[in-house]
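First up is the structure itself, then whatever we jot down about it.
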Amino acid sequence: MNKFFLDLGVQPLANNFLKKYSANQPRYNLKLYFNTKSKMVSISKRIPSSVMFNSKYPYRSSMSSTMRTSFRQLSNEIKKKFNPKLLLEIGSNDGALLANFDKDRAIGVEPCKNLAKITKEKKYYTYDDYWNFKLSSKIKKKFKEVDLIYSANTLTHISNLKDVFKSINLILSEEGVLIIEDPSLFESIKNNAYDQFYNEHIYVFSAIALKNLLKKFNLEIFDVKNLPTHGGSLRYFIKKRSNKKYNVKLSVKKQIDKEIKKGLDKFKTYKDFATKSTKSKKLFLELLKKIIKDNKKIIGYGATAKAVTVLNYCNIDRELIKNFTDTTPEKINTFLPGKNIKILGYKKDILKKYDYAFLGAWNFKKEIFKKEKTYINNGGKFITHVPFPRIINK
Ligand code: JHZ
């Protein structure tokens with residue numbers, strides 16, 4: 001049974017960066033639910049993929065050095081441990097991972113045509129289509145089977161998980177490995193990061209819920225790693241149950257035990273999370289209002305999907321946060337979804353004119369603080385809302 005625990009209000013599409021602000025842009029209710037049987041956490045309103053992931057999708061995974069490094073390290077590990085003859089990436093985005101593989105040994109699936117175009121131009125075989133059984137059958141016809149399937153921050157964006165795993169099963173070789181990584185529910189709850197929930201994140205997985213789900217498809221997790229990326233992610237190594245090449249590692253039990261200890265299998269944990277999120281909203285607004293009352297200026301740093309959730313949930317407008325800055329070409333000179341707040345292109349010293357910078361990309365805090373050393377040394381301050389609203393400068 002699905003039980004409701006948090007209402008994040010009416011939210012625009014998290015990546016609908018418009019060239020001209022429109023008060024009438026589509027908005028949807030964002031409510032969070034916990035399934036007491038499967039232990040899955042999901043949002044209620046499902047927006048068709050074609051509405052969210054189209055030829056104007058602005059998110060580029062290669063925009064940060066943290067992510068490029070993470071993909072490079074994983075690629076080395078994949079080559080060493082699994083040495084795949086053919087790797088398939090579901091949601092290959094602009095090719096941040098593919099770039100580490102030979103062009104004849106890696107193929108991409110990316111429904112956002114603007115992004116697929118980038119890897120196509122680099123001569124990576126790319127299907128600019130949605131991941132589903134029809135596409136998987138098409139790939140099977142051409143390539144027969146794939147011995148490594150990788151997918152980062154994509155499967156949680158697809159409503160029909162049954163179709164997702166059925167399609168994976170169809171082309172994954174008998175001894176093949178599926179690696180997926182997504183924000184960790186454990187870390188989201190721990191950090192009180194309610195902003196990991198937005199219309200693209202239909203699910204936020206726990207190892208408990210994923211294990212339950214995979215069982216239905218005769219798949220199992222044989223290793224799991226905690227990653228610092230995206231505010232705390234989990235990388236799952238998955239195989240067919242019939243595949244005896246890999247033993248199930250202790251890491252899987254450890255992660256599940258940790259999640260049970262945190263109460264991720266209990267509804268009460270989510271009710272508590274909802275109470276904390278409501279309190280966080282109140283404190284964050286108070287903090288911003290006080291800063292503005294003192295005649296100080298705030299800019300948002302990193303126009304993330306997460307920041308869209310925060311601003312729309314907390315009703316923050318440009319009276320509080322004047323502008324945002326972001327390095328992504330597709331986001332520059334557009335308006336933050338749902339808000340009349342303009343996104344300025346990043347340039348060195350842009351922060352100079354502002355007393356505070358709200359860390360929209362709090363998951364890149366380390367990278368950003370390194371980059372903005374001068375601003376901090378000159379008295380500039382950052383604001384964050386995780387795990388609770390406060391001013392930080394280290
Ligand atoms: P970042 C997106 O979420 C959407 P977002 C998606 N649904 C998803 O699942 C995750 O990614 C994985 C900018 N930036 O990665 C670049 C700077 O301007 O936290 C990006 O716009 N300067 C697919 O949007 C944004 O911040 C910098 O120095 O929450 C980061 O977005 C750095 C480091 C980043 O994902």
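All values reported here derive from a predicted model rather than from experimental measurement. Both ligands and their constituent atoms are indexed starting at 1 by order of listing. Computed over heavy atoms, backbone and side chain alike; hydrogens, waters and symmetry mates excluded.
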Lys306-Asn363 side chain donor-acceptor pair, cut-off 3.5 Å: yes
Numbered atoms of ligand 1 (with element) below 4.0 Å of Lys331, judged on heavy atoms: 20 (C), 21 (O)
Set of side-chain hydrogen bond (donor to acceptor under 3.5 Å, both in side chains) partners for Gln196, sequence neighbours left out: none
Asn93 and Ser61: side chain donor to acceptor below 3.5 Å: yes
Side chains of Asp163 and Trp131, donor plus acceptor under 3.5 Å: no
All side chain to side chain contact (heavy atoms under 4.5 Å, CB included) counterparts of Val10, not counting sequence neighbours: Arg27, Asn29
Side chains of Glu372 and Tyr301, donor plus acceptor under 3.5 Å: yes
For Ala361, atoms of ligand 1 separated by under 4.0 Å from a heavy atom: 26 (O)
Contact with ligand 1 for Tyr346, non-hydrogen, under 4.0 angstrom: no
Protein contact to atom 15 (O) of ligand 1 [nearest heavy atom, distance to 0.1 Å]: Tyr59 OH, 3.0 Å
Enumerated ligand 1 atoms positioned under 4.0 Å from heavy atoms of Lys371: 22 (N), 27 (C), 28 (O)
Those atoms of ligand 1 less than 4.0 Å from some heavy atom in Gly302: 26 (O)
Gln255 and Asn226: side chain donor to acceptor below 3.5 Å: yes
Residue selection (non-hydrogen contact nearest atom 9 (O) of ligand 1) among His201, Glu200, Glu181: His201
Short side-chain donor-acceptor distance under 3.5 Å, Tyr57 and Glu330: no
Taking atom 3 (O) of ligand 1 as the reference point, the nearest protein heavy atom with its distance: Tyr198 OH, 3.2 Å
Ser251 and Asp223: side chain donor to acceptor below 3.5 Å: yes
Distance from atom 24 (O) of ligand 1 to nearest protein heavy atom, with residue and atom: Ala305 N, 2.8 Å
Test item: side-chain donor near acceptor, Ser159 and Arg46, under 3.5 Å: yes
Side-chain donor or acceptor of Asn132 paired with backbone N/O of Lys134 under 3.5 Å: yes
Among Ile332, Thr304, Leu359, closest by any non-hydrogen atom to atom 30 (C) of ligand 1: Thr304
Selected option - heavy-atom contact closest to atom 33 (C) of ligand 1, from His157, Glu367, Glu372: Glu367
Ligand 1 contact by Tyr57, heavy-atom criterion under 4.0 angstrom: yes
Identity and distance of the protein heavy atom lying nearest atom 29 (O) of ligand 1: Lys306 NZ, 2.7 Å
Within-cut-off N or O pair, Ala303 and ligand 1, under 3.5 Å: no
Shortest protein contact, atom 13 (C) of ligand 1 (heavy atom only): Asp326 OD2, 3.2 Å
For Phe364, atoms of ligand 1 separated by under 4.0 Å from a heavy atom: 1 (P), 15 (O), 19 (O), 30 (C), 33 (C)
Atom 17 (C) of ligand 1 [closest protein heavy-atom partner, distance rounded to 0.1 Å]: Thr327 OG1, 3.4 Å
Proximal ligand 1 atoms for Thr328, defined as those under 4.0 Å from one of its heavy atoms: 16 (C), 20 (C), 21 (O)
